[in-house]
S.K.: 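Take this structure first; my questions come after.
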Amino acid sequence: MAASLATPSIVSAAALAEGSYDCSVAVGMGIMAMGHIDIRGNTYRFRPYDKVTDGFSSYTMAANGALQWSGPMGGLKETPSVLTESLKTDYGFYVKYRTKPGGWIDTMSCRHMEK
């Protein structure tokens, strides 16, 4: 049986709970705060180190929970950095990225900050 290479279908443009997500990266034996990502409907903005650097951009989520970010991600999408994977989780979502070609892939975990 042949495998399908079709792009996963989009479930919802607003699949993440609205609000702010606290983002951090594990570093050695500790945690490094990366800032917050705000979700409003089908849009997001990353506030690295809590500084508003860009406006809201759209995002989508595929049926398998894979997230696609259309705009800036606070330097994580600037050359030579590249996002390698982003997926919805029980606690929020994560973003895997590489800051330089051939470098380590780091994971930024983002937890929904409930009111």
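Heavy-atom basis, side chains included; hydrogens, waters and symmetry copies ignored.
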S.K.: Distance check, rounded to the nearest 0.5 Å: Ser24 atom OG versus Met34 atom CE?
M.R.: 9.0 Å
S.K.: Can you measure from CZ (Arg111) to CD1 (Ile37) and round to the nearest 0.5 angstrom?
M.R.: 14.0 Å
S.K.: Between Tyr91 and Ser109, is any pair of side-chain heavy atoms under 4.5 Å apart?
M.R.: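 Answer yes - side chains close enough.
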S.K.: Is it true that Tyr44 and Phe56 have ring centroids separated by less than 6.0 Å?
M.R.: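 Centroid separation for Tyr44 and Phe56: 6.0 Å or greater.
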S.K.: Could you walk me through whether Val95 and Leu67 pass the side chain to side chain contact (heavy atoms under 4.5 Å, CB included) check?
M.R.: CA-CA 9 Å; Val95 177; Leu67 297 159; over 6 Å; no
S.K.: Salt bridge (Lys or Arg N to Asp or Glu O under 4.0 Å) with Asp38: which residues, sequence neighbours excluded?
M.R.: Arg45, Arg47
S.K.: Give a yes or no on whether Met32 and Tyr21 share a hydrophobic cluster (residues Ile, Leu, Val, Met, Phe, Trp, Tyr; joining criterion: side-chain heavy atoms under 4.5 Å apart).
M.R.: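 Both belong to a single hydrophobic cluster.
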S.K.: In terms of hydrophobic clusters joined by side-chain contacts under 4.5 Å, are Val82 and Phe93 together?
M.R.: no
S.K.: So do Thr43 and Tyr59 actually touch side chain to side chain, heavy atoms under 4.5 Å?
M.R.: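 No, side chains not in contact.
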S.K.: Looking at every non-hydrogen atom in both residues, tell me the closest pair between Thr53 and Pro48 and how far apart they are.
M.R.: OG1-CD, 3.9 Å
S.K.: Any chance you could measure Asp22, atom CG, to Ile31, atom CD1, to the nearest 0.5 Å?
M.R.: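 Those atoms lie 10.0 Å apart.
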S.K.: To the nearest 0.5 Å, tell me how far Leu83 CG sits from Ile105 CD1.
M.R.: 11.0 Å
S.K.: Quick one, Thr89 and Tyr94 - any side-chain contact, counting heavy atoms below 4.5 Å?
M.R.: yes
S.K.: Run the side chain to side chain contact (heavy atoms under 4.5 Å, CB included) test against Ser70 and tell me which residues pass, sequence neighbours left out.
M.R.: Ser57, Ser58
S.K.: Measure the spacing between OG1 of Thr60 and CG of Asn42 and express it to the nearest 0.5 Å.
M.R.: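 It is 9.0 Å, given to the nearest 0.5 Å.
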S.K.: Do other residues, nucleotides or ligands put more than 12 heavy atoms under 6.0 Å from Gln68 CD?
M.R.: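 Check fails, neighbour count at 12 or below.
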S.K.: Check whether any side-chain N or O of Lys88 sits under 3.5 Å from a backbone N or O of Leu16 as a donor-acceptor pair, and report yes or no.
M.R.: no
S.K.: Would a distance-only check, ignoring hydrogens and angles, find a side-chain to backbone donor-acceptor pair under 3.5 Å from His112 to Glu18?
M.R.: yes
S.K.: Just verifying a value: how many Å separate Phe46 CZ and Met73 CE, rounded to the nearest 0.5 Å?
M.R.: 7.0 Å
S.K.: Do Tyr97 and Trp104 have their ring centres less than 6.0 Å from each other?
M.R.: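 Centroid distance Tyr97-Trp104: not below 6.0 Å, so no.
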